[in-house]
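To keep things clear, I will list the structure first and then write my remarks on it.
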Protein chains: 2
Amino acid sequence: MSAAMKPIGRPNETLADIAYQRISEALLSGEIEPGERLVMDTLAEQLDISRTPVRDALLRLQREGLVSPAGRRGFVVSKVSEQDVVHLYQAREAVEGYAARRVAEIGGEAIDKVEKTVRSMEGIDMTDPRAVYTANMEIHRTIVEVTGNPTLLELFDQIWLRARGQVAFADYLAHDKRRTSVTESHLPLVEALRAGSDAAFAGMRKHIAEGLQVHRA
Amino acid sequence: MSAAMKPIGRPNETLADIAYQRISEALLSGEIEPGERLVMDTLAEQLDISRTPVRDALLRLQREGLVSPAGRRGFVVSKVSEQDVVHLYQAREAVEGYAARRVAEIGGEAIDKVEKTVRSMEGIDMTDPRAVYTANMEIHRTIVEVTGNPTLLELFDQIWLRARGQVAFADYLAHDKRRTSVTESHLPLVEALRAGSDAAFAGMRKHIAEGLQVHRA
DNA sequence: ATTCTCAATTTCGTATACCGTATTTGGTGC
DNA sequence: GCACCAAATACGGTATACGAAATTGAGAAT
């Protein structure tokens, strides 16, 4: 998504990274369901690697809240309750609301870049939920990115990572039902960014609240 | 399913946890300085354990941003720039500002609990920077805690973890120079929480901005 | 039939060994 | 001295082995 940030050190994707991606994918696709048990030995055999990188992957997933340790009985896939979704949307409101305010304060090129990103999503395939999700996230992520605050960006990533499946589906529904493109539905947000910090803040809160509404339907 | 519930106390502290704490402590106390190299083998020998738990600890510290991998030359202790501190304070503003608003909305017992926590810090030793830091954090953490949103609390912890040394010192200075107790300096914040959501939000922003001011001095 | 006991099994945490590669070192020719 | 190259070393990633805790299952005791 960004240009070359780390020109140094391309130490080949490690097995732990691959394991992480594969397991993540399995979780996201529903191949592994919430509540199900995840055992290192089993996963290692399935992935045809040793337990060490699998362990790395699971510890990482644990820290990200996607699985939780179940004593001596492996890990269990965390279940995302309706309440959790509300909490995630609240977290978004905190982080992205603040980011919107900052972007409005910064103004200039920052907002231009956001608008450019929004418009670049014009041609995406609206029937592909995954594409819609990614486009949506890219826009919101850009808003946080142009604040120039990497800490804030990390918080954003942490929230969105945890939200994956649920929110993805919600956003897909949002655009499908209302028959609006991702670009179309985010242009008002760009307008709000140009309308000053308070308007930007309010605009983002409203935008996120709408997302939660859709999710509930 | 009314089997014996685990009294979450001590599920056996793992060596990896101990290694994490020890290394963290060394980083915080300045025993290990920013820029210095950390090598698994060396650390393992110093702690008299094998490389495996040391590796776990380092990976965790890496994810928390306290160290970063340096290719084939070990890990290096991340240094916190002045700019980073600003970014951390901004992140606090986002998370804690939102939390204050929520607490004001929730009201009732939530605010009472915050006030109780603030008042419980009456008797701490003002000459102990560590104690002042902890008391301060406890108060702010309580505010986030009573929102009932665990995701928000995680964001809070992530920010404060990374801020450690710097902020600790800053807060120490704050109370030392102004000769106010932790309780005293936070009671206005409690008042703001009772004065409605906008006042709470503004109050928290002001409170955090003051902290940054002190840091700069 | 229910509970109790205990051994087999499961599963993780830790230690140790191995491998590949990046870095450093040491030597050689100029 | 200096540039270059080859060997040695340092280092993290991965595999494998071992031990301990805890769950499980089967049979004995009540």
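Heavy-atom basis, side chains included; hydrogens, waters and symmetry copies ignored. Lettering follows sequence order; numbering is per chain, from 1.
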Query raised in the report: Which heavy atom in B/V132 sits nearest to a heavy atom in B/I124, and how many Å separate them?
Result: CA-CD1, 3.9 Å
Report summary line: Note: B/I143 and B/V103 closest approach over all heavy atoms is O-CG2, 3.2 Å
**Report entry** With sequence neighbours excluded, residues passing side chain to side chain donor-acceptor pair (under 3.5 Å) with A/R92
**Finding:** A/E96, A/H140
Query raised in the report: So does B/D157 pair up with B/R141, basic N to acidic O under 4.0 Å?
Result: yes
So which protein N/O to nucleotides 5-7 of chain C N/O distances come out below 3.5 Å?
none

Requested in this report: Applying side chain to side chain donor-acceptor pair (under 3.5 Å), name anything that partners A/R162, two or more places apart in sequence or on another chain.
Outcome: B/E154
For residues 40-53 of chain B, tabulate all N or O donor-acceptor pairs below 3.5 Å that involve a side-chain atom, not counting sequence neighbours.
residue : atom : partner : partner atom : Å
B/S50   : OG   : B/T52   : N            : 3.3

Can you give me the N/O atom pairs linking the protein to nucleotides 14-17 of chain C at distances under 3.5 Å, or say none if there are none?
residue : atom : partner : partner atom : Å
C/dT14  : OP1  : B/T14   : OG1          : 2.7
C/dT14  : OP1  : B/L15   : N            : 2.3
C/dT14  : OP2  : B/T14   : OG1          : 2.8
C/dA15  : OP2  : B/S50   : N            : 2.7
C/dA15  : OP2  : B/S50   : OG           : 2.6
C/dA15  : O5'  : B/S50   : OG           : 3.4
C/dA15  : N7   : B/T52   : OG1          : 2.9

Report task. Please name all residues satisfying salt bridge (Lys or Arg N to Asp or Glu O under 4.0 Å) with A/D56, sequence neighbours left out, ordered by chain then number. Result -> B/R55
Query - Non-neighbouring partners of B/Y98 that pass ring pair (Phe, Tyr, Trp, His ring centres under 6.0 Å), sequence neighbours left out - result: none
**Report entry** Contact list for DNA chain C against residues 31-45 of chain B - heavy-atom distance below 4.0 Å
**Finding:** none
Report summary line: Looking only at D/dT23, C/dT11, D/dG12, the nucleotide nearest the A/R72 side chain is C/dT11
Which pairs would a plain distance check flag for residues 26-37 of chain A, meaning a side-chain donor or acceptor within less than 3.5 Å of a matching protein atom at least two apart in sequence or in another chain?
residue : atom : partner : partner atom : Å
A/S29   : OG   : A/E25   : O            : 3.1
A/S29   : OG   : A/A26   : O            : 3.4
A/S29   : OG   : A/E31   : N            : 3.3
A/E36   : OE1  : A/E33   : N            : 3.1
A/R37   : NE   : A/R73   : O            : 3.0
A/R37   : NH2  : A/R73   : O            : 3.4

Query - Contacts of B/Y89 that satisfy ring pair (Phe, Tyr, Trp, His ring centres under 6.0 Å) - sequence neighbours left out - result: none
Protein N or O to nucleotides 4-6 of chain D N or O, pairs below 3.5 Å:
none

Query - Any donor-acceptor N or O pair under 3.5 Å, side chains B/E64, B/Y20 - result: yes
Requested in this report: Verify the distance criterion only: is there a donor paired with an acceptor across the side chains of A/N149 and A/T147 at less than 3.5 Å?
Outcome: no
Report task. Report the residues that fulfil side chain to side chain donor-acceptor pair (under 3.5 Å) with B/E82, sequence neighbours left out, ordered by chain and then residue number. Result -> B/H215
Query - Gap between atoms CZ and P, on A/F75 and C/dT10 respectively (whole Å) - result: 19 Å
